[in-house]
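A short worksheet on the structure shown next.
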Amino acid sequence: MFGLMTGQQMVNPVLAPLARELGFSELALGLVMAVGASGVVLASSFWGRRSVSWGHRPVLLISLAGALVGLLAFAVIAQIGLTGALAVPLLFGLVLLSRGLVFGLAWAATPVTAQSYVADMTTGAAERVRGMSMIGAAQGLGLAVGPALGGLLSFSGLLTPMYIAPAILGVIALLVWRGLPAPAVHRERPVMVRVSPFDRRMWPFLTTGFGMYLALAIVFMTVGFLLQDRLRLSPQETGQATGLVMLAGAGMVVLVQALAVPRLRWAPMRLIRVGLVIMTVGMVVVTVASSGFLLGLGVAVLGTGMGFGMPGVMAAPTLLAAREEQGAVAGLVSATSALTFVLGPLLGNGLYGITPVIPYLLGAIVLAGLAVFAFVHPGVRTENQVTPAVVSAK
């Protein structure tokens, strides 16, 4: 998870200035991100079931190899595009294929496989939350290290992080291939089953997680434009500033999940409620911020809330599912978060092109509404009622 997230996020600080250098609009970049996230939405349930039938190790290797190919192709296409050798429509189509479709379909396998593995190997709310917080911390660490490293590498040019990112994925894939144990051949593998996103056990948590991830996606997909426009930065300065701001947010995601969540031992729903309140405050700060410091502070507060909420959103549905449902549930959780990265770029970049403040006002309203929902809706009060099927399967 750390390797995949780092490789992805290394590229993000240079995407906004690179898109403008290639002649893409804000909405065009949003479409590329949306296509990639659509691949995750469409493939997550498939990969969740394959992680049960094929085993976790082979699915992870397929994911890393596919993501490597997608990012490397994107880097080569961007380098050619900067020379002006390709017409903008053709260039956009090739970027859509490499960074969007290929990378998205491959990326989808790793989060759902990691969540399925933790759900399969843990019992009880406390152990499940700790396991999911480890996944969240790995993601958050990648969110922190990736943009920071990408911002530093951008000092030598916008293309540098784009070539380093697939190299990192190659190293991680090699380590997984050589060091990760293969699935035990004697272990019984349950029959795969499907779980509906409208299942009464699941939809309240999927809805809450959707809103939290949507707000985060809106900020992360537009913060480069926001920094460049509000602070009047050059393309290279924008890449560096974006890396630092994203580091502030992702760093808090890591710290909260690695240090606070395991020690507090809160129930999943309490984590979600606290996270939503904190994220609402952070989004309000981002909305009104007029300086780089305040923008960084707002994103850091947003990351703090996400650090509390993420393990709760991942753990709560699995506590209500039987063992044979864990792969399908992990696929639903992963697809829900990915869906926000379909809508987030389109909403965020599209609304930003109209008036820059609108996407952040929308995010604040969504988070505030979800905070109320999490406190009053009866469906979210059942997260600790583990079904007998779960107990017997364990």
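Position 1 is the first residue of the sequence, and the numbers go up from there.
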Applying side chain to side chain contact (heavy atoms under 4.5 Å, CB included), run through Phe373 and Leu276 and close with a yes or a no.
-> CA-CA 10 Å; Phe373 173 82; Leu276 283 168; over 6 Å; no
State which residues pass side chain to side chain donor-acceptor pair (under 3.5 Å) with [X]; sequence neighbours excluded, sorted by chain then number.
{"X": "Thr6", "value": "none"}
{"X": "Thr110", "value": "Ser63"}
{"X": "Glu127", "value": "Thr123"}
{"X": "Thr222", "value": "Tyr360"}

Please tabulate, one pair per line, all N/O donor-acceptor pairs under 3.5 Å involving side-chain atoms of residues 241-268, not counting sequence neighbours.
| unit_1 | atom_1 | unit_2 | atom_2 | d |
| --- | --- | --- | --- | --- |
| Thr242 | OG1 | Thr238 | O | 2.6 |
| Gln257 | NE2 | Gly136 | O | 2.9 |
| Gln257 | NE2 | Val253 | O | 3.4 |
| Arg263 | NH1 | Leu259 | O | 3.1 |

Which pairs count as salt bridge (charged side-chain N to carboxylate O under 4.0 Å, His left out) when at least one residue sits in residues 230-250, sequence neighbours excluded?
->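 Sorted result for residues 230-250: empty, none.
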Identify the residue among Val59, Leu169, Val69 that makes a side chain to side chain contact (heavy atoms under 4.5 Å, CB included) with Leu64.
-> Leu169
Shortest non-hydrogen separation from [X] to [Y] and the atoms involved:
{"X": "Val32", "Y": "Leu96", "value": "CA-CD1, 3.7 Å"}
{"X": "Leu271", "Y": "Gly312", "value": "CD1-N, 4.2 Å"}
{"X": "Val129", "Y": "Ala315", "value": "CG2-CB, 3.8 Å"}
{"X": "Val277", "Y": "Ala371", "value": "CG2-CB, 4.5 Å"}
{"X": "Gly305", "Y": "Ile278", "value": "N-CG2, 3.5 Å"}
{"X": "Met132", "Y": "Val118", "value": "N-CG1, 3.8 Å"}

Compare all side-chain heavy atoms of [X] with those of [Y] and state whether any distance is below 4.5 angstrom.
{"X": "Thr287", "Y": "Val357", "answer": "yes"}
{"X": "Phe74", "Y": "Val102", "answer": "no"}
{"X": "Ile62", "Y": "Trp47", "answer": "yes"}
{"X": "Tyr352", "Y": "Leu226", "answer": "yes"}
{"X": "Met306", "Y": "Tyr213", "answer": "yes"}
{"X": "Met269", "Y": "Phe205", "answer": "yes"}

Ignoring hydrogens and angles, write down the donor-acceptor pairs under 3.5 Å from the side chains of residues 290-302, residues two or more places apart or on other chains.
| unit_1 | atom_1 | unit_2 | atom_2 | d |
| --- | --- | --- | --- | --- |
| Ser291 | OG | Leu294 | N | 3.3 |

Grouping I, L, V, M, F, W and Y whenever their side-chain heavy atoms are under 4.5 Å apart, do [X] and [Y] come out in a common cluster?
{"X": "Ile354", "Y": "Met221", "value": "yes"}
{"X": "Leu320", "Y": "Ile272", "value": "yes"}
{"X": "Leu233", "Y": "Leu15", "value": "yes"}
{"X": "Phe308", "Y": "Val333", "value": "no"}
{"X": "Ile135", "Y": "Leu60", "value": "yes"}

Looking at residues at least two apart in the chain, or sitting in another chain, which of them share a side chain to side chain contact (heavy atoms under 4.5 Å, CB included) with Val284?
->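 So Val284 forms a side chain to side chain contact (heavy atoms under 4.5 Å, CB included) with Ala364.
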Looking at residues at least two apart in the chain, or sitting in another chain, which of them share a side chain to side chain contact (heavy atoms under 4.5 Å, CB included) with Ala106?
->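 So Ala106 forms a side chain to side chain contact (heavy atoms under 4.5 Å, CB included) with Ala67.
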Say you draw a straight line from [atom1] of [X] to [atom2] of [Y]; how long is it, rounded to the nearest 0.5 Å?
{"X": "Ile80", "Y": "Leu91", "atom1": "CD1", "atom2": "CG", "result": "9.0 Å"}
{"X": "Glu21", "Y": "Leu82", "atom1": "CD", "atom2": "CG", "result": "7.0 Å"}
{"X": "Ser133", "Y": "Met314", "atom1": "OG", "atom2": "CE", "result": "7.5 Å"}
{"X": "Leu206", "Y": "Arg201", "atom1": "CG", "atom2": "CZ", "result": "11.0 Å"}
{"X": "Phe103", "Y": "Gln8", "atom1": "CZ", "atom2": "CD", "result": "4.5 Å"}
{"X": "Ser196", "Y": "Leu332", "atom1": "OG", "atom2": "CG", "result": "7.5 Å"}

Scan the side chains in residues 148-164 for donor-acceptor partners under 3.5 Å anywhere in the protein, sequence neighbours excluded, and list what turns up.
| unit_1 | atom_1 | unit_2 | atom_2 | d |
| --- | --- | --- | --- | --- |
| Ser154 | OG | Gly151 | O | 2.5 |
| Ser156 | OG | Leu153 | O | 2.8 |
| Ser156 | OG | Thr160 | OG1 | 2.9 |
| Tyr163 | OH | Gln79 | OE1 | 2.5 |

Partner set under ring pair (Phe, Tyr, Trp, His ring centres under 6.0 Å) for Phe24, not counting sequence neighbours |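 Phe24 satisfies ring pair (Phe, Tyr, Trp, His ring centres under 6.0 Å) with Phe92 once adjacent residues are dropped.
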Residues in salt bridge (Lys or Arg N to Asp or Glu O under 4.0 Å) with Arg20, at least two apart?
->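 Salt bridge (Lys or Arg N to Asp or Glu O under 4.0 Å) list for Arg20, sorted by chain: Glu26, Asp229.
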Do side-chain atoms of Thr208 reach the backbone of Pro204 as a donor and acceptor pair under 3.5 angstrom?
-> yes
Counting N and O atoms only, with roles assigned by atom type, does the side chain of Arg273 sit under 3.5 Å from a partner on the main chain of Ala374, one being a donor and the other an acceptor?
->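 It does hold such a pair.
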